[in-house]
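These figures come from a predicted structure and were not determined experimentally.
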Amino acid sequence: MPALDRNYRTSFLRCALLIAAGTTLQFMTGGIDSGFLHYPWGLVLAVNYVYLLILAYSFSSRYRWLRTLWDDRACISSSVTLLLLVIVFGLVRQEGSENGPAGVLGFSSMRSSWIFCIVLFYFMTALGIRSVAELDALFRRIFRRRPFPGFVAVQPFHGIRRAAVTLIHLCVFLILLAGMFGSGDKIRCRLTAHQGVPVGMAMTGDGRSVGLPFVLVLKDFSIDEYPPRLYVYDGKAGVPSREFLSAGEDGAEASVEGWSLRADTVLLSAGKMPADDRYVPSDHVGAMPAVLVSARNEVSGVSRRGWVSCGSHVFGSSSLDLGEGSAVVMPYPQARRYTSEVGISRKDGEEREYVIEVNHPVRIGAWRIYQSGYDTDTGRWSTVSILECVRDPWFPVVRISLWMILVSAAVIAVAAGGSRAAGILSGGVSCKTGNGTFREEGE
Amino acid sequence: MTWEYLIWFGGAASLLWLAGALSGAVSGKIRTAVVLSLAGSFVFSIFIAGMWMSLERPPMRTVGETRLWYSLFLSLTGTAVYTRWRYRWILPFSCVMSVVFLCINLLKPEIHDQSLMPALQSVWFIPHVTVYMFAYAILGAVTLFALYLWLRPSGRCPSDEEMSMCDNLVRIGWSFLTLGMVMGALWAKQAWGDWWTWDPKETWAFATWLGYLLYLHLRPAVGPARQDSGPASGSRMSGTAEYDILFALLVFSFLLLQMCWYGINYLPAAQGISIHTY
């Protein structure tokens, strides 16, 4: 394949040289620390970088080597190289080890390895200049109101598909740009809020304290739980059953591991005194679900009856012995939903109340506060809420780009290809003539 | 409406989907096929609407409830793709997938109440999973087709029509992969504050996406008719050998897809660190 060799050899050689450069830098300096990209330097570099991409496109006709930064061969070779590195990324355990070949090359911390970042940067550059070129071509067509050169017949989806492809190129580039140049601006820290205690500081993953531009007070933490579940624990195998009885109300029944279980009485909030063996309804701190269970062996007919509860940090747990090491047990109920009611005071004096729950973060300027967890030892009685605070000033860029990609991908799914009857492969360029086909000259 | 009625509504929907699939595949009556398939989806959506009213909340909280939406969206997507592309095998394909999830719901009643953890209670959950399932199905189909084109005994070059179907299916599959990835990113930001964390599932999803993207970008260089692409590259290939690269790439990309789908559950590098291993 002489055409393949001649045209792609230099492109792949360039990728190999970039990998070699990345390897050298990795040996010399270890991984990349993106801290230097904090505001304003990340933004300054991003703006200058985009300006250089526009210049590279503008001068491409004059300087052939600039054209090689974004031609088809550059795009293909950078994609192939990136794909290979991503496969390595997936195969190597990302535990940050510096031992072994993978560790030395930075592959076990791929996100901060020079090799990966340089190849990704090259891919982003080719994509960026290509996006500038396509935008230029698109605007020329729109504002000069000319159809495609050499246009003969109408291909209904062609223009729409072209626009969608251009938009996807541009938006993927913007996402990579925000990811690379915005990495120094992103702050992620954990805030442990105790009920009634104002908090203005949080802790990053590496133990650093971060001052927040607001003060947060946890007013109330609440959990909505799923009904308690009863499992049959097999003492010999040492594992609970796969099936379970969902004890949501009195009379719930199920067959579990050869035992017919019935929840005679379900108390969703109960407690018992140490000397007692029965549970009573209770709202005392530490009250947890308790179920009076009847169990009948479906083979032998043996019956058992007793209280089962997951217990808490105040009340002990109970299980129903079924003999031969088996028992009916109740783990802690699963949380269906947990929410934190918080009061947040900003530096300008504004104070408001918010409700934070999973999948529904609260936004304070460039910060977003996420419900992360709670004190699982006390469960529903937790007076501690663990919140994740994330600062991401590039959020709007990425969000808009993602939505544009969503729309464009949907357009491509519908507009992909052309008429099957006409035999056009994609409704684009075809060297045939005849009904439903057209020729398009190159750029 | 309760789960006891699922057998009736599901059964009726399945019969209508099957009738639509047979009508499209065997007799080629497009309008009849589409009407029957949509009727099946309508019957199924009545069951979902009934559950919604009796539960007094959207039926999206348990594993069984989400499987209902899989069946519905897979049938609707299959009908939409059939309406657009008229490939006869699409309706039987989506019919089988919808019925599979219906059967899972009927045969495993314990999943009806199996709870969803709070992180999964998001509007993105069902669309994200559904588009990925459809993408996997379409790309699986094109892989089989590519293997046939590549290895058939006659050894002849694929025709324009055959490559057209290959390209269209890859574009549709890749578009759905893109939709799934983007939905996942939007959901992840909402759930835990990061668009992309290079979780092993995400890494392999990106690799799969790149693999099929490479196919789409290599197509302009292969075959007697050029694809819709950007500027002329001057690097067109010719000859039958170049088809080998394309078909090999499709097969390789499908291997990446399978690694993303279930391979990570067994991959040592992903054990204990991927939230997607289940």
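- Using the six-membered ring where Trp is involved, B/Trp198 and A/Phe116 have ring planes that are perpendicular, over 60° apart on the 30 and 60° scheme.
- Both the backbone and the side chain of A/Asn359 have a heavy atom closer than 4.5 Å to some heavy atom of chain B.
- Rounding to the nearest 0.5 Å places CG of B/Leu216 at 11.0 Å from OG of A/Ser79.
- Of the two parts of B/Leu256, only the side chain, counted from C-beta on, holds a non-hydrogen atom closer than 4.5 Å to a non-hydrogen atom of chain A.
- To the nearest 0.5 Å, the span separating CH2 on B/Trp196 from CZ on A/Arg111 amounts to 11.5 Å.
- At a threshold of 4.5 Å between non-hydrogen side-chain atoms, the residues A/Asp392 and B/Lys189 count as touching.
- Looking at A/Arg399, the atoms closer than 4.5 Å to chain B (heavy atoms on both sides) sit in the backbone and in the side chain alike.
- Residues B/Trp209 and A/Leu83 fail the side-chain proximity criterion, which asks for heavy atoms closer than 4.5 Å.
- Shortest non-hydrogen contact noted between B/Gln190 and A/Pro361 is O-CD, 3.5 Å.
- Among the candidates B/Val123, B/Asp194, B/Leu267, B/Val81, the residue making the largest number of heavy-atom pairs closer than 4.5 Å to chain A is B/Asp194.
- Of the residues considered (A/Gln94, A/Arg337, A/Arg188, A/Gln371), A/Arg188 shows the highest number of contacts with chain B, using heavy-atom pairs under 4.5 Å.
- Side chains of B/Leu186 and A/Trp403 form a contact here, defined as non-hydrogen atoms less than 4.5 Å apart.
- Here the shortest heavy-atom pairing between A/Tyr370 and B/Ala191 reads CD2-O, 3.8 Å.
- Rounding to the nearest 0.5 Å gives a distance of 6.5 Å between NE2 of B/His217 and CD1 of A/Ile76.
- Looking only at heavy-atom pairs under 4.5 Å with chain B, the residue among A/Thr166, A/Val398, A/Ile175, A/Leu85 that has the most is A/Val398.
- For a residue to count as touching a neighbouring chain, one of its non-hydrogen atoms must lie under 4.5 Å from one of that chain's; by this rule A/Val86 touches chain B with backbone and side chain alike.
- Minimum interatomic distance between B/Ser175 and A/Ile412 (heavy atoms only, all atoms of both residues): OG-CG2, 3.4 Å.
- For A/Ile168, the part sitting under 4.5 Å from any heavy atom of chain B is the side chain, from C-beta outward, and nothing else.
- Atom CD1 of A/Ile87 sits about 11.5 Å away from atom CZ of B/Phe206, to the nearest 0.5 Å.
- Separation of atoms SG (A/Cys75) and CG (B/Leu218) is listed at 11.5 Å; rounding is to 0.5 Å.
- Listed options A/Val390, A/Val80, A/Leu402 were ranked by heavy-atom pairs under 4.5 angstrom with chain B; first place goes to A/Leu402.
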